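Shown next, in structure tokens, is the structure this report addresses.
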Amino acid sequence: MKKQWKILLILIFILIIVLFSIANVDSVKFSFLFGNVHLPLILVIIGSVLIGAVLIGLFTYPPIYKQRHRITKLERDLRRMIELHPEDSERLKVDLGGEEAAANETRAGNRRSK
């Protein structure tokens, strides 16, 4: 459900930008460091939005990737600890995610019963 809201908000944002761009089709003088160019305002608006999206992606993706990698590593370490010390798994009270948690609990229960 959360993903659907995200997609809906993105589509609304794109619609607003498209409507704003269509309303501004006049030609404007755009100055670069090397010279001037006359471009339709719609291209300047859409280009600015795309450059902004690329910059946001470049600055946010590496920290998110590192964080996900670290979370994966920590979850793997936690699973190993639970396998080595099943008596402490109750005390940790950690959800390892679906079937893997059930499998770990079953293995821990089998070890205790032996």
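In this text the structure is predicted, and so the values were computed from the model without any measurement. What's counted below: heavy atoms across the whole structure, side chains too, no hydrogens, waters or symmetry copies.
Under the 4.5 Å side-chain heavy-atom criterion for grouping Ile, Leu, Val, Met, Phe, Trp and Tyr, Leu15 is not connected to Ile46 through any hydrophobic cluster.
Annotation: the span from Ile22 atom CD1 to Ile42 atom CD1 amounts to 6.0 Å, rounded to 0.5 Å. Separation of atoms NE2 (His69) and CG (Leu74) is listed at 10.0 Å; rounding is to 0.5 Å. A distance of 8.0 Å separates CD1 in Ile12 from CH2 in Trp5, rounded to the nearest 0.5 Å. Taken from CG in Asp77 to OG1 in Thr72, the straight-line distance is 11.0 Å, to the nearest 0.5 Å.
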Show me, pair by pair, the donor-acceptor contacts under 3.5 angstrom made by side chains of residues 25-41, not counting sequence neighbours?
residue, atom, partner, partner atom, Å
Ser31, OG, Asn36, OD1, 3.0

Show me the side-chain donor-acceptor pairs of residues 47-61 shorter than 3.5 Å, one per line, residues at least two apart or across chains.
residue, atom, partner, partner atom, Å
Ser48, OG, Val44, O, 2.7
Thr60, OG1, Ile56, O, 2.7

